[in-house]
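We use all heavy atoms of the structure for the numbers below, so side chains are in, but hydrogens, waters and symmetry mates are not.
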Amino acid sequence: MTAAIDIEIASDAEPLTVRQALREATALLSSAGIESARLDAEVLLAGALDLDRSQLYLHGEQTLPARAQERLRSFILRRLNHEPVAYIVGRREFWSLDFLVTPAVLVPRPETELLVETVMEYLGQFRNSKFEIRILEIGTGSGAIAVSLAKEIGNAEIWAPDISPGALEVARTNARRHGVEEKIHFLLGDAFMPVRDRTEFFDVIVFNPPYVRRDELDTLPRDVREFEPRLALDGGPDGLDFFRRIIPEARRHLAAGGFLALEIGADRGQEVNLLFVDAGGYSPPRLYQDYAGKDRVVVARMLI
């Protein structure tokens with residue numbers, strides 16, 4: 001399949017218009033069983049042209065430059081191998097911001113925007129007060145959550161550790177791109193280790209932990225299981241390893257009245273709630289559903 005496609009694209013005698021290139025890219029991806037063929041083709045073509053997706057239809061009858069046509073051919077071949085589109089073009093939109101992504105980080109998911117939205121809801125009236133809001137984001141990855149919060153909350157100071165040097169490099173780049181690098185402290189280390197001396201310090205702790213059950217990792221789509229960092233996916237035998245660790249440890253670092261916000265697997269709400277109850281020291285946790293109606297975020301406050 002790949003060899004035939006390679007010949008077809010490379011031997012096309014007539015230059016393609018943007019509209020034709022989009023149609024052909026969609027057909028090739030669709031024939032290979034890529035469910036999001038049209039969307040992927042748009043993103044790949046926009047990346048090949050260094051345009052936003054919204055601009056493609058403004059240039060539909062323009063001829064695709066030879067360099068862009070070659071880039072598109074390369075992009076399609078990589079996508080046919082199931083490499084995530086975000087890694088191919090090197091970027092992903094999150095919270096209406098453009099983020100650099102590499103294979104060193106998990107691709108930001110739309111459902112994780114609910115975590116940002118929920119944190120902002122809880123902060124409410126404090127978002128623009130004169131008091132500094134101290135936020136810890138564990139396992140920052142691409143920095144999508146930390147950067148989004150830094151952009152939205154004028155009085156925030158954020159600590160963003162990650163165990164991966166490669167991930168921190170990506171996160172720092174994204175903070176610079178969005179003009180919030182002075183508001184975020186990027187730290188190398190596992191979970192609370194880089195902030196171990198900051199007790200009763202944070203108003204907010206936010207974490208999108210690995211929560212895939214270990215025996216389910218090999219059943220994930222190829223795009224995920226073969227390309228995205230396993231460290232950011234593997235939640236242990238039952239998917240709850242990080243929750244068991246983080247929920248009790250967070251109590252030491254949260255200020256009175258501060259809250260812990262976690263993204264969770266869609267079927268783990270009640271189990272995570274019980275972990276808060278078992279840990280003690282928290283108000284009754286509250287579950288939030290994503291737009292598909294699935295449990296996605298759980299929040300609990302430290303008791304005063």
Side-chain angles (χ1 to χ4, degrees), residues 94-97 99 108 112-162 168 171-209 243 245-264 272-273 276 279-288 296-304:
F94 180 87
W95 202 253
S96 299
L97 300 171
F99 285 90
T112 302
E113 292 186 353
L114 180 62
L115 191 55
V116 175
E117 182 180 329
T118 304
V119 169
M120 290 174 56
E121 176 186 325
Y122 266 71
L123 288 173
Q125 61 185 337
F126 303 108
R127 282 170 49 194
N128 295 303
S129 73
K130 64 180 180 180
F131 299 106
E132 184 177 79
I133 297 173
R134 296 167 174 171
I135 300 173
L136 172 65
E137 194 228 337
I138 301 171
T140 194
S142 67
I145 293 172
V147 170
S148 298
L149 290 173
K151 291 286 288 185
E152 291 285 352
I153 304 170
N155 54 333
E157 185 172 8
I158 301 172
W159 283 255
D162 200 287
L168 285 177
R172 287 191 184 99
T173 299
N174 282 321
R176 285 194 297 271
R177 293 177 74 211
H178 293 293
V180 292
E181 59 184 316
E182 298 301 322
K183 298 174 66 173
I184 305 176
H185 308 281
F186 291 106
L187 307 166
L188 179 63
D190 181 37
F192 294 105
M193 184 59 65
V195 294
R196 58 189 177 277
D197 297 329
R198 296 185 183 273
T199 60
E200 300 181 4
F201 182 81
F202 295 104
D203 302 298
V204 184
I205 297 176
V206 58
F207 189 23
N208 178 14
F243 297 95
R245 175 185 174 188
I246 296 303
I247 291 172
E249 287 189 27
R251 294 176 307 178
R252 181 171 180 268
H253 299 278
L254 278 170
F259 64 91
L260 173 60
L262 303 169
E263 182 170 326
I264 62 173
V272 174
N273 277 359
F276 275 104
Y282 290 99
S283 64
R286 180 177 176 186
L287 283 171
Y288 290 80
R296 186 59 60 190
V297 171
V298 60
V299 181
R301 283 193 183 273
M302 279 287 291
L303 295 174
I304 298 175

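Under the 4.5 Å side-chain criterion, counting only non-hydrogen atoms from C-beta, Ile135 is in contact with Ile153. Inter-residue side-chain proximity for Trp95 and Lys151 is flagged as unmet; no heavy-atom pair is nearer than 4.5 Å. Residues Glu263 and Phe207 fail the side-chain proximity criterion, which asks for heavy atoms closer than 4.5 Å. Within the 4.5 Å cutoff, the side chain of Phe131 has no heavy atoms near those of the Asp203 side chain. Within the 4.5 Å cutoff, no side-chain heavy atoms of Ile264 are placed close to those of Tyr288. In this structure, Ile247 and Val272 have side chains that are in contact, with non-hydrogen atoms separated by less than 4.5 Å. Put simply, the side chain of Thr112 does not reach to within 4.5 Å of the side chain of Val116, judged on heavy atoms. Within the 4.5 Å cutoff, side-chain heavy atoms of Leu136 are placed close to those of Pro161.
Between the side chain of Asp162 and the backbone N or O of Leu168, no donor-acceptor pair lies under 3.5 Å. Looking only at distances, a side-chain donor or acceptor of Arg301 sits under 3.5 Å from a matching main-chain atom of Gly257. Judged by distance alone, the side chain of Arg296 and the main-chain N or O of Leu115 form no donor-acceptor pair under 3.5 Å.
Ring geometry for Phe201 against Trp159 counts as perpendicular: the plane angle is over 60°, on a 0 to 90° scale with 30° as the lower cut. Relative ring orientation between His253 and Phe192 is described as parallel, the plane-to-plane angle staying below 30° on a 0-90° scale split at 30° and 60°.
Listed by chain and residue number, Arg245 satisfy the salt bridge (charged side-chain N to carboxylate O under 4.0 Å, His left out) test with Glu249 (two or more places apart in sequence, or in another chain). Residues passing the ring pair (Phe, Tyr, Trp, His ring centres under 6.0 Å) test with Phe94, sequence neighbours excluded: none. Take Arg251 and apply the salt bridge (charged side-chain N to carboxylate O under 4.0 Å, His left out) test, not counting sequence neighbours, and it matches no residue.
Shortest non-hydrogen contact noted between Ser142 and Phe99 is O-CD2, 4.4 Å. The shortest heavy-atom contact between Ala191 and Ile246 is CB-CD1, 4.2 Å.
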